[in-house]
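In what follows, chains carry the letters A, B, and so on, assigned in the order in which the sequence lines appear, proteins first and then strands, with residues in each chain numbered from 1. Keep in mind it's a predicted model, so treat the numbers as computed, not measured.
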There are 2 protein chains.
Amino acid sequence: MNSNDLKNVGLKVTLPRMRILEILERSEGEHYTAEDVYRLLLDAGEEIGLATVYRVLTQFEAAGLVNRHHFEGGHAVFELNRGSHHDHMVSLKSGKVVEFVDDIIEERQQQIAKEHGFKITGHTLILYGEFEDE
Amino acid sequence: MNSNDLKNVGLKVTLPRMRILEILERSEGEHYTAEDVYRLLLDAGEEIGLATVYRVLTQFEAAGLVNRHHFEGGHAVFELNRGSHHDHMVSLKSGKVVEFVDDIIEERQQQIAKEHGFKITGHTLILYGEFEDE
DNA sequence: AACTATATGCCAAAGATTCTCATTTCGGGC
DNA sequence: GCCCGAAATGAGAATCTTTGGCATATAGTT
């Protein structure tokens, strides 16, 4: 249940926050820009400010509800944190994004960090290229 | 030799380009922002425009002389392409960056791409965290 | 040395994100 | 259910990073 997600992370349950959460939940696998979320809400007839979208997304990120990525191009995209960590494969042709996980890679990362006396708090692995069928 | 690097990639050998190349060559392992490069040049008494720095860095990237990364924070950083591909370990505490390569990971990436009918043209792997001794 | 295509500098402009502040809304207590 | 203080929101200004336009300067050639 939505409102509980917010309460659980210590955020007041407000309309804009609920709406933004819904947008993110509804989007299977899509990676939205703050602007995207804003537009989607406007199109849905909601009254919301772009600044609020940015603020809320940042709060969600801090609360661990959302992940922020920087794909090529530089602007940030957001996606709901559905618990399971994953990496990305991004088509530079179509922008299509596929997610994946590989235990061997995850394990090697830990191993490498250990060798360097490094404690990993997060990581990003993005493969750029294109799909054969596009 | 510097000027040849430029000629080889079809760029006219100009003073600003040489200076920027020098800055990048001199920086062992540092990752500079366009602004950083600009400041370093100004501090060194060079007369250069920020726009030129951006233009040149972009040209260098297109020519394969430098790599552009997007670490957390959103702004782009550049480093000289010294031939060998590598990944990064970034300390969120100090900003320190260590480079590494792991054949097993590289190989798994190819394998995963293959399974998804994806042709990799580039990739980014960044581990975020902090070093034990800081 | 002269010529032409390119590159550069400066400054304006665009895009993304953050800040300010007056107004509105949430959540708890009465 | 209504009131109050704290927190959140909306609108627009402000900031930061990056790009574009244009007149001038420069590299490379003849």
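- Side chain of A/Tyr54, nearest nucleotide from C/dT17, D/dG28, C/dC26: C/dT17.
- B/Thr58 has no side-chain polar atom (N or O) that falls below the 4.0 Å cut-off from OP1 or OP2 of D/dT18.
- Within the nucleic acid shown, A/Thr52 comes within 4.0 Å of at least one base atom, counting heavy atoms only.
- Residue A/Ala76 is the one, among A/Ala76 and A/Val13, whose nearest nucleotide of DNA chain C lies closer to the 5' end (criterion: closest heavy atom).
- Between B/His70 and A/Phe71, the ring centre distance reaches or exceeds 6.0 Å.
- Taking the nucleotide of DNA chain D with the nearest heavy atom to each of B/Lys12 and B/Ala34, the more 5' of the two is matched to B/Ala34.
- Heavy-atom nearest nucleotides on DNA chain D were determined for B/Leu15 and for B/Gly74, and the one closer to the 5' end corresponds to B/Gly74.
- Closest contact between the side chain of B/Ile48 and the listed nucleotides D/dA27, C/dT20, C/dG9 involves C/dG9.
- Computed from coordinates, the B/Leu50 CG to D/dG21 P distance equals 17 Å when rounded to whole Å.
- Closest to the B/Arg55 side chain, of the nucleotides D/dG21, D/dA11, C/dC26, is D/dG21.
- Closest approach to the B/Pro16 side chain among D/dT18, D/dA27, C/dG9 is made by C/dG9 (side chain taken as heavy atoms from C-beta onward).
- Between D/dA8 and A/Arg17, a contact under 4.0 Å exists linking OP1 or OP2 to a side-chain N or O.
- Among the nucleotides D/dA8, D/dA11, D/dA27, the one closest to any side-chain atom of B/Thr14 is D/dA27.
- Residue contacts for B/Glu35: at a heavy-atom cut-off of 4.0 Å it reaches no nucleic acid atom on any strand shown.
- The OH atom of B/Tyr32 sits 21 Å away from the C1' atom of D/dT18 (whole-angstrom rounding).
- One finds no salt bridge joining A/Lys119 and B/Glu130 here, because no Lys/Arg side-chain nitrogen approaches an Asp/Glu carboxylate oxygen to under 4.0 Å.
- You'll find that the side chain of A/His75 is closest to C/dA16, out of C/dG27, C/dA16, D/dG21.
- Among D/dG20, C/dT20, C/dG27, the nucleotide with an atom closest to any side-chain atom of B/Ala51 is D/dG20.
- Between the side chains of B/His86 and B/Glu79, a donor-acceptor pair is found at a separation under 3.5 Å.
- Taking atom CD of residue A/Gln59 and atom C1' of nucleotide C/dT18, one finds them 13 Å apart after rounding to whole Å.
- The pair A/Lys93-A/Glu134 fails the salt-bridge criterion, with no side-chain N (NZ, NE, NH1 or NH2) lying under 4.0 Å from an Asp/Glu carboxylate O.
- Checking B/Gln110 against B/His123 by side-chain atom types alone, no donor-acceptor pair falls below 3.5 Å.
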